[in-house]
Structures are given as C-alpha cells and as structure tokens.
Number of protein chains: 2
Amino acid sequence: MTSGNKSDKVNMKTLAAELKLSTATISKALRDSYDIGQETKQRVMEAARRLNYVPNVYASSLRRQSSNTIAIIIPEIADSFFSQAINGIESIIAPEKYHSLIYLTHDDYQREASMLSDLASGRVDGVIMSVASNTEDTSHIKTLQETGIPIVFFDRVCEDVNADKIITDDFNSAYIATSHLLQSGCKNISLITISGFPSILSAREQGYRKALADNGITIEETGIVTCSNKYNTENVGIIKEHLSTAMPDGIVATVEHLATSTYLACDELKLKIPDDVKVICFTNQITAAILNPPLTTILQPAYDMGKQAAEILFGRLSGRIITTEQELVMPSQLIARASTSSN
Amino acid sequence: MTSGNKSDKVNMKTLAAELKLSTATISKALRDSYDIGQETKQRVMEAARRLNYVPNVYASSLRRQSSNTIAIIIPEIADSFFSQAINGIESIIAPEKYHSLIYLTHDDYQREASMLSDLASGRVDGVIMSVASNTEDTSHIKTLQETGIPIVFFDRVCEDVNADKIITDDFNSAYIATSHLLQSGCKNISLITISGFPSILSAREQGYRKALADNGITIEETGIVTCSNKYNTENVGIIKEHLSTAMPDGIVATVEHLATSTYLACDELKLKIPDDVKVICFTNQITAAILNPPLTTILQPAYDMGKQAAEILFGRLSGRIITTEQELVMPSQLIARASTSSN
DNA sequence: ATGAAAGCGCTAACAA
DNA sequence: TTGTTAGCGCTTTCAT
C-alpha cells in the first residue's frame, strides 16, 4: 500500500474543498446537469479523475431511493437454461449501468420467501425471477409487489400473480415433440417428468396427452413416469424399471437431466437409441448435438427470454411501459437429431 | 394494491413512534444488543413483524461503511465451471446473509477494468474473481486492493498480484493427461488450446511438453494448435485442418469447447474416436460421460474452488485470517472414459 | 436501560 | 450559474 488507503477516501466534500465549490455544484457537474457551466464541469471532471473519486453508491441510493440494481432469482445456476438467461439479462442491464444480485432458491419455497422479503428493503429496483418448483403460496411475491417493486417472471411463472411473464409455449412444444415421435414410428410413448411446478410441467404433460389423443391413442397412466428433480442415480433406476415393464418405444423427457438419465438407463439395459427407443427432450445444452447418439431437442430460447425479461423490466422502471401486465410467449424450436431418427 | 404501498413505508421512526421509544433503542433492540431489556426487545420485534418492517440496507451500509455484499467477477456464466463455482461461493455466503453481485467481463480487459474501478465505491466488501484472458496490465486490480477491499482469485489468477489464490495444478494435470494418452498407445499427440491467459494455459502447455519430453518425444511446433476462445465453427475448421495434415492420434484439449469442436471435426472427417484419435479434455461438464463416445476428462473441482474462495474471503473480512496471501492448489481428477480407451 | 444528537455521502429544493 | 440547507434511514457515541 503506497498511496490511497482507506483514510484518504475522497468524496464530494474533498472535491468541493479542492475546487472551492459546493458539493451541490460538484454533484450536478458530475451528473452533467444543464445548469452548470462547461468550464466548471471540466474542472470538476478533471479533479474527480485526478483524485480517483468514485461516488458512494449507498449514499446515492439512500438519497434517491433507488439503487440501479436488480435481483435475479432463480432455482439453480449450474443449469444451462438459467445461465444463458442470465447472459441475456446481462446484455441489457450492463449497458445501462445496472447491477445484478443473484439469488439461488435451490428450488426451495422457504428460501425464496425469505429472499423476497429481504428485497422489500429497497435493495433492488426490480426483480426478474423464475419461481421455485414447490412454490404454491404466492403471498411473498404479492407482498413484494405491493412495495412498488416490479417483478418480471420468466420460464417458471406464477399463474395467480399479475406480473409480466416471459414463457415458452410448453403445451404446444410437447404436442409437437410427441407428434414428432409418432411420425418417427413410435407406438408406445412415455413421458418422463418430475413432480411439482405445474405451470410448465403440466402444460408439457397436457401437450403430450393431447398429441396422443389426437392420434387415437389412449394413455394408460403407466405412460407417465415421475422422477425426482435431482440429477441422481435413483432416477436411472426408476427409468430402467419403467423401460423394462412398460417397454416404451419413445420417450419424451421434460427436463434436461432426465434425458441423460434415460441415456444411462438405456445403456445399462442394452437398449439402442433410436432403434429400440427414441428420445426427445426439452433442453438447452449446446452439447446435445454430440451426445451418443445426438439428442433431438426442444430448445427454449433462454438467452432471448432473459433479454426480453430485462427489457420489459426496464420498460416498467423507466415508466415507458405502463400498460397492464403482458405475457410474452416465445417459440421453442424442435431440432431433430439421431435420437429420434426412423432407422 | 390494497395496503402497504410506497407511501406507508415503515422505518425505524415509524416503529419508534408506535412504541414510544427512540430510534436508537429500536436499532439496538433489533440487533439484539445487550443493553436493551428483554421485554423491550420483545415489543420491538413484535411491532417490526406486525408492521412488516424491513431495514433499509442503503442507510445501514452508508452508516456502517460496509455492505454485506461481495462481487463475483467472471469471464462467462454459460460455462459449467463458473456456474458450479458460483454455487460453491453461494453455499458459503448465503448462510452468512451476504449478497452477491455478478459481473461478466466477457473476457474483455476494458470491461473488467471498468467494473473494478466502479467497485472502489464501496459497493462491495470483497471480491472473488477469475480474470479475463487478455488481462495483462493489472493496475486496475491493484488500485482496488489499495482501497482496502480484499480480492480472492480463483482459477484464472494474476501472477503479479499479491492476493489469495485458489487454483488447480494445471501443469501436473496436463502432464498426467498427456501421460495417459501415451499409456493408451498414442505416438503423436497434439495440444489444442486457445491463446491468451498464461497462468493456466501455458501451465497446461508446459505439462504437455514435459510429459512428451520425459518420454523422449520431441515436439514439432505443429503439435500445438491455437484456436479462438469462442465456441464456433471456425475452430472446427482449424482442427479439421490440423487433423488432416499432422495426423495426430491423440488430442489434449485445454478447454471444454475445444473437445466438442474436436468431436465435430472428427465426425466430419470420419475419424473414429478413440480408434483413430484419442481425446482428453479439461472440463466440468457433467454430460461428458454421455458424449459420443464418453469423454475422458480432467475435472476441476469447481464447486469446491468457489467454496474455498468464499471461505478465505470471509476469513479476511472477519479478520480471522491476517496471514500473508496464500495460494491454495486443489487437485484435479482424471476420469478415464471411452474416448481414450486402448481398443 | 433508554434517549439525544451527530453524521455516513449524496441529492434536490430553493435561494441567491 | 452556483450555494445553502435539509434530509434519505440508520448506527453510534455519549448522556441521562
């Protein structure tokens, strides 16, 4: 430590003294206010640079009652979908000099609730979130909204909360996925899914059911397998069990890790994909293309969803958007690969 | 909005008025100070709960000159290594009620420098970072340190900055990776790497060279291929070119996306892995196991590196650690899979 | 055990 | 165009 340690912290008072001006003038000059002379502005800027002045954000936030900070609340981060979404959000907020606090709920309602209640402190100006899968009571969300902090949901939304929502059409995507398997020759298609989280998973299940129904196929309940929402070997066991008993020739996996578990299960049972079983999955892994065999996917536009969420949030924060809450449905994309090829 | 909109914001003054106490007493009671009576504490807590009091963090941070917030500065987030590291960091800071601001440098020195300079504002109490690959001038980092904010590096560290560092032994890992290929029968091993970022990549390159040298193999410079640090098709072209001309029978890929590019390049050239070319890669993708064929990896303990970084940072913040900066080397793990099997 | 008062650093009326 | 002043909401001496 040569110079510039904690003691000689330079603030507006320092600058004011240095230039024999008032802090008010400094403040205005730094924010490029119209009623400060060009020459003064120059002097202030120069001094600020020279003395390494950095404004204290807490003082500023306290005074302005706003923080240029948003919260991103998501279940997990080591998940390609959410990571890409964060990238999308960041692409919008970084140029605006906003900052983002990350909160991981680990899909736990309690944690989510306590995080939301903390945010009522005014720590952030707005929130972008994807709710935990076991969130049923939404009062913590409504309470935060009542403080005037705008919330934008993406992907995992709360049906009974009025807020902007960015989603993909899960019903339709599942319908298309299932139809794709039917067209590839499957006669006995199972859905492998996880419990909880109605707004997405049940939509996917409905789409799956509808596609079968529209093709005159009745679903025995055994066609739907519910796994745990963890990437673990237990799921592989459940899937193996199902493959051996129900003998499906097609699998729709509703989340990423279920496809990898399905691959492992097939491998252990010596079932060939796609000859014995065809697999399609909702996912965002860029590596899906080089799985063994390449996995047919329903790809959610994660980056763009994040980007849209941030744009709408900024619209609200700036007052540019004052219309009633909107629900934006973004298209998913079916990318056919070898895991569903007909022969 | 039924109740509780912005106007009736409840602060300490509200509580004080409600209970006919001073704000000083409220403040102490809420922080469970010893010189407040039990009964008073109860009353204060009850009122706080009843009126939904949430302390204003900006006022508190301003007054205390500390924020219970840290910055996590990383090149990318849609990268399994960094995501897992964030998880590790979060596992330590969340229980301590700390908050984390995420900054993505996109591997750009300019962005990194401007982010660091912003942090001199006192926005955060400490920083955990992995530096951009093209960062050479480290003055922005030293400047921030001089303000008294502790910085802990992980993975991508700055050699010439005195700070705590959490790294893996890249030299040794590359040595082991290369030896593994030699033991699997490779005679002509190439290193596929990216430019920039000396502390890690050059260590990996050195380890690769040493392993070859120790086995009496001279490296023609063509054995080292430098790609761009983007996941793109251009790299696939570069790798194809190299595979066709140098005809290596073994590839050490220094970063994740180069392995996937190598897979694609081999596929396009109809080269079979591992029969024609064996591949090993530094990575953290959980899906490596189900690639086609399963990819042999050198796995960095991403989660634990993040966790350690956070623990050391907290040690500094709390004054528990006052020793000179330490460099913690964490072991990588070689996981042999089919992409390097001998036949 | 409780309270009065000062002030963290900044911003925004309002005055000059 | 610049300055004065009064806080933002909280914490912390120092009194009482």
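So that the names make sense, note that chain A is the first sequence line, chain B the second, and so on, each numbered from 1. All heavy atoms count here, side chains included; hydrogens, waters and symmetry mates do not. Not measured: the values here are computed from a predicted model.
- Whole-Å rounding puts the A:L30 CG to D:dT2 P distance at 13 Å.
- Proximity note for A:L21 (side chain, C-beta onward) versus D:dC8, D:dT2, C:dT2: the nearest is D:dT2.
- We find that OH of A:Y58 is positioned 18 Å from C1' of C:dT11, with the value rounded to whole Å.
- Just one residue in the list B:R43, B:K13, B:R50 forms a salt bridge (charged side-chain N to carboxylate O under 4.0 Å, His left out) with B:E18, and that residue is B:R50.
- Closest to the side chain of B:N56, out of D:dG9, C:dC10, C:dT2, is D:dG9.
- Residue contacts for B:K20: at a heavy-atom cut-off of 4.0 Å it reaches the sugar-phosphate backbone alone, with no base atom in range.
- Atom P of nucleotide C:dC10 and atom CZ of B:R123 are separated by 13 Å, given to the nearest angstrom.
- Side-chain N/O atoms of B:Y53 include one lying less than 4.0 angstrom from OP1 or OP2 on D:dC10.
- In summary, the side chains of A:T105 and A:D107 do not present any donor paired with an acceptor at a separation below 3.5 Å, with no hydrogens or angles considered.
- Neither OP1 nor OP2 of D:dT1 sits under 4.0 Å from any side-chain N or O of A:Q38.
- Side-chain N or O atoms of B:S61 include one that pairs as donor or acceptor with a backbone N or O of B:V57 at under 3.5 Å.
- Between B:L62 and B:Y34, the residue anchored nearer the 5' end of DNA chain C, judged by the nucleotide with its closest heavy atom, is B:Y34.
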Close N or O pairs between protein and nucleotides 12-16 of chain C (under 3.5 Å):
residue	atom	partner	partner atom	Å
C:dA12	O4'	A:R63	NH2	3.4

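- Using a 4.0 Å cut-off, some side-chain N or O of B:S60 falls inside it from OP1 or OP2 of D:dT11.
- Residue pairs that meet the salt bridge (Lys or Arg N to Asp or Glu O under 4.0 Å) test with at least one member in residues 85-94 of chain A, sequence neighbours left out, are A:E90-B:R111.
- Looking at A:N56 and B:Q65, their side chains come closer than 4.5 Å, going by heavy atoms from C-beta outward.
- The side chain of A:S22 contributes an N or O atom lying less than 4.0 Å from OP1 or OP2 of D:dG3.
- Contact of the B:F154 side chain with the B:F82 side chain is registered, since non-hydrogen atoms from C-beta on lie closer than 4.5 Å.
- A straight line from CG of B:L19 to C1' of C:dT2 spans 13 Å, rounded to a whole angstrom.
- B:K9 has its NZ atom 13 Å from the P atom of D:dC8, to the nearest Å.
- Listed by first then second residue, pairs satisfying ring pair (Phe, Tyr, Trp, His ring centres under 6.0 Å) with a partner in residues 99-143 of chain A read A:H99-B:Y103, A:Y103-B:H99, A:Y109-A:H140, not counting sequence neighbours.
- A sub-4.0 Å separation between OP1 or OP2 of D:dG9 and a side-chain N or O of A:Q65 is present.
- We find that NZ of B:K13 is positioned 13 Å from P of C:dA4, with the value rounded to whole Å.
- Taking atom CG of B:N11 as the reference point, atom P of D:dG7 lies 14 Å away to the nearest angstrom.
- Atom CE in A:M12 sits roughly 4 Å away from atom P in C:dT11 (whole-Å rounding).
- Distance alone, capped at 3.5 Å, is enough to place a donor-acceptor pair between the A:S83 side chain and the A:I77 backbone.
- Distances shorter than 4.0 Å separate some side-chain N or O of B:T40 from OP1 or OP2 on C:dT2.
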